[in-house]
Peer 1: 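First the structure, then my questions, so here it is.
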Amino acid sequence: MTDRTQGAGGGSTGAVGAKGPDELRQQIERTRSQLGDTVEELAAKADVKGRAKARAADLKDKAGALTVQLRSTAAQAGHRVQEKTALAGHRVQEKTALAGHRVQEKTAEAGHRVQEKTAEAGHRAQLTAQRAGHTTGDSVRRPVSGAVEVCRRHPRQLMIVGAVGAAALVAGLLARRRGSGCH
């Protein structure tokens with residue numbers, strides 16, 4: 001019996017002969033193992049469906065990882081938007097409060113000016129009534145009618161007093177509402 005095996009280049013090479021039956025059995029076992037490995041490799045290369053499934057599983061895993069990454073990125077972007085929106089809301093709230101305080105101050109100033117003008121008009125009416133020589137009982141009735149007469153002659157000032165009073169009332173209600181909403 002001649003032991004010949006095919007070499008890598010396709011030519012035949014002489015195999016080292018076995019020195020005994022045990023060694024021959026070992027060589028046969030090694031050859032069977034190598035042949036089995038070669039057959040498995042060829043079968044794997046020939047199994048297009050199996051390779052396609054493996055590739056699909058790899059792509060599915062990559063897509064899942066990408067989905068998780070995209071969700072995480074979207075969640076982070078959502079949190080950033082939420083933080084920026086809250087910050088902008090606080091800025092608007094601060095500016096609104098500041099504007100409210102300015103309106104309240106201006107309204108108070110206008111109210112004081114109107115109050116002074118009204119007091120002056122009342123005093124003038126009272127002086128006019130006293131100069132006319134009215135009695136003390138009439139001096140109470142006359143300044144009131146004098147103030148009414150001043151308001152008739154100056155309706156614009158009366159409207160300003162009414163507007164200032166309404167603005168002061170609204171500002172006070174807003175300040176009260178803001179004060180109760182903070183607690």
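The figures that follow rest on heavy atoms only: side chains count, while hydrogens, waters and symmetry mates do not. When a residue number appears, it is its place in the shown sequence, counting from 1.
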Peer 1: What heavy-atom pair brings Gln104 and Ala171 nearest, and what distance separates the two atoms?
Peer 2: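 It is CG-CB, 4.0 Å.
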Peer 1: Return the minimal non-hydrogen interatomic distance between Val164 and Ala110, and the atom names on each side.
Peer 2: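 Smallest heavy-atom distance, with atoms named: CG2-CB, 3.6 Å.
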Peer 1: Identify every side-chain donor-acceptor pair in residues 41-50 under 3.5 Å, counting partners at least two apart or on other chains, and give the distances.
Peer 2:
{"residue": "Asp47", "atom": "OD1", "partner": "Gly50", "partner atom": "N", "Å": "3.1"}

Peer 1: Quick one: does any side-chain atom of Ser33 pair with a main-chain N or O of Glu29 as donor and acceptor, under 3.5 Å?
Peer 2: no
Peer 1: With Arg25, which residues qualify under salt bridge (Lys or Arg N to Asp or Glu O under 4.0 Å), at least two apart?
Peer 2: Asp22
Peer 1: Indicate every side-chain donor-acceptor pair of residues 66-80 with a distance under 3.5 Å to a residue at least two apart or in another chain.
Peer 2:
{"residue": "Thr67", "atom": "OG1", "partner": "Ala63", "partner atom": "O", "Å": "2.8"}
{"residue": "Thr73", "atom": "OG1", "partner": "Gln69", "partner atom": "O", "Å": "2.9"}

Peer 1: Can you measure from CG (Leu35) to CD (Glu40) and round to the nearest 0.5 angstrom?
Peer 2: 10.5 Å
Peer 1: Measure the CD-NE2 distance between Glu116 and His112 for me, rounded to the nearest 0.5 Å.
Peer 2: 8.5 Å
